[in-house]
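Each remark here refers to the structure printed beneath this line.
Because the structure is predicted, anything quoted here is derived from the model rather than measured. Note that ligands are numbered from 1 as they come in the structure, with each ligand's atoms numbered from 1 the same way. Heads up: numbering here begins at 1 and tracks the sequence.
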Amino acid sequence: MSSENSSTNQALHLTQRPRRLRRTATLRKMVRETILTVDDLIYPMFVMEGESTKIEIVSMPGCYRYSLDLLLEEIAAVSQLGINAIALFPVIPEEQKDDTATESYNSEGLVQETVKAIKNAVPEIIIITDVALDPFTTHSHDGLVDENGKILNDQTIEVLVKMALSQAEAGADFVAPSDMMDGRIGAIRQALDAEGYINVGILAYSAKYASAYYGPFRDALDSAPKFGDKKTYQMDAANAKEALKEIELDIAEGADMIMVKPALAYLDIICQVKAATNLPVAAYNVSGEYAMIKAAAQHGWIDEKKVILETLTSMKRAGADLILTYFAKEVALMLM
Ligand code: PBG
């Protein structure tokens, strides 16, 4: 008897043959451990002032800064694709920036007006707003800076609290502090509760590394630091235990979900963080990770779709429950 499934008389007597489960596509599907779905995806989007314009971000092909009207159209399309949530980032005109980020908590500012408009136009989409000063400061640091260039932790938190409150007031579902100041989660939670926003959640960028992978995003927002770097607040790429310390603190202070950022070079961190908490864990597939795949694909050097799916699946396999990714739309289409 000889068929594809039968052995020849030369067969070794192996008790285990793992390849049995890989023999056909159906079998592989049956034993697949990790399934990426559209429900895992959060789409980061950039809003700018103006009307009827969108500008492609050079280092992030396929990603745009949208004026509000076009952003609303795009969000309607994104929602139609089944994507549940967006993370909103503003491009602030230079003349609205100052040293203390006052525009960040303007109740009629770009972010606040955008949130109100989205809630009105596409009420079902979950809106996550970024809480950090960098889009609003002339120096482009995430915090307030003293005359010696030092980042002031506690003074920064006062501004972050005002910013988070104004976003909650506008209708944000989650505020997402990405600044890495100490104690900000607790301060924001207390302030939200004190003002009655008990149902506004906090997605904490808990383990956010000082990473070179943010380059294209800083192009998108014109937010590269004007002096120094972010290493006194964002984490050292060499550290893992420190990530566990940060998530422990953020959970104790009231985070609802926690994030590891970037994702691809930090899959071990995602894995450890997942093991250390029962909260949902998000991973941020950041701008540089997106740009690398796009650039290689544009050269025809990789199979773009396969690489995107393999990359996001690896993040989920590592333990991410949610993935912030600029590929969200493309992936939603691929998964249909
Ligand atoms: C800033 C912020 C950054 C990103 C999200 N929020 C950049 C930075 O810390 O300089 C990066 C996102 C990306 O690279 O895709 N608070």
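In summary, the aromatic rings of Y326 and Y43 are positioned with their centroids too far apart to meet the 6.0 Å limit. Ring centroids of F327 and Y290 are separated by less than 6.0 Å, placing the two rings close together. Between Y209 and Y266, the distance from one ring center to the other falls under 6.0 angstrom.
The protein non-hydrogen atom at the shortest distance from atom 16 (N) of ligand 1 is S178 OG, 2.8 Å. Ranking the protein heavy atoms by distance from atom 12 (C) of ligand 1 puts F217 CD1, 3.3 Å first. Distance from atom 2 (C) of ligand 1 to its nearest protein heavy atom, with residue and atom name: K208 NZ, 3.2 Å. In terms of protein heavy-atom proximity, atom 8 (C) of ligand 1 is closest to K230 NZ, 3.3 Å. Looking only at heavy atoms of the protein, atom 14 (O) of ligand 1 is closest to S287 OG, 2.7 Å. Ranking protein heavy atoms by distance to atom 5 (C) of ligand 1, first place goes to K261 NZ, 2.6 Å. Among all protein heavy atoms, the one lying closest to atom 1 (C) of ligand 1 is D134 OD2, 2.8 Å. Atom 15 (O) of ligand 1 has as its closest protein heavy atom Y326 OH, 2.6 Å.
Residue A132 has at least one heavy-atom neighbour below 4.0 Å for each of these atoms of ligand 1: 16 (N). Taking every non-hydrogen atom of Y284 and a distance limit under 4.0 Å, the qualifying atoms of ligand 1 come out as 12 (C), 15 (O). Proximity to D142 (heavy-atom distance under 4.0 Å) selects the following atoms of ligand 1: 1 (C), 16 (N).
E95 CD: more than 12 foreign heavy atoms inside a 6.0 Å radius. Heavy atoms from other residues, nucleotides or ligands lying under 6.0 Å from CD of E248 number 12 at most.
Put simply, part of Q234 is less than 4.0 Å from ligand 1, judged by heavy atoms. Ligand 1 is never approached by Y290 to a heavy-atom distance shorter than 4.0 Å. Assignment of D179 to the shell around ligand 1 is not supported, since no heavy atom sits closer than 4.0 Å.
Ion pairing of D173 with K119 is present here, as a side-chain N (NZ or NE/NH1/NH2) and a carboxylate O approach within less than 4.0 Å. Ion pair D142/K230 flagged as a salt bridge, since at least one NZ, NE, NH1 or NH2 atom sits closer than 4.0 Å to an Asp/Glu carboxylate oxygen. R65 has a carboxylate O that lies under 4.0 Å from a charged side-chain N of D222, or vice versa, which qualifies the two as a salt bridge.
T24 meets the side-chain contact (heavy atoms from CB on, under 4.5 Å) test with T26, L27; sequence neighbours excluded. Checked against side-chain contact (heavy atoms from CB on, under 4.5 Å), V38 has the following partners two or more places apart in sequence or in another chain: L41, I83, A332.
Where the criterion is an N or O separation shorter than 3.5 Å, residue side chain and backbone included, R218 meets it with respect to ligand 1.
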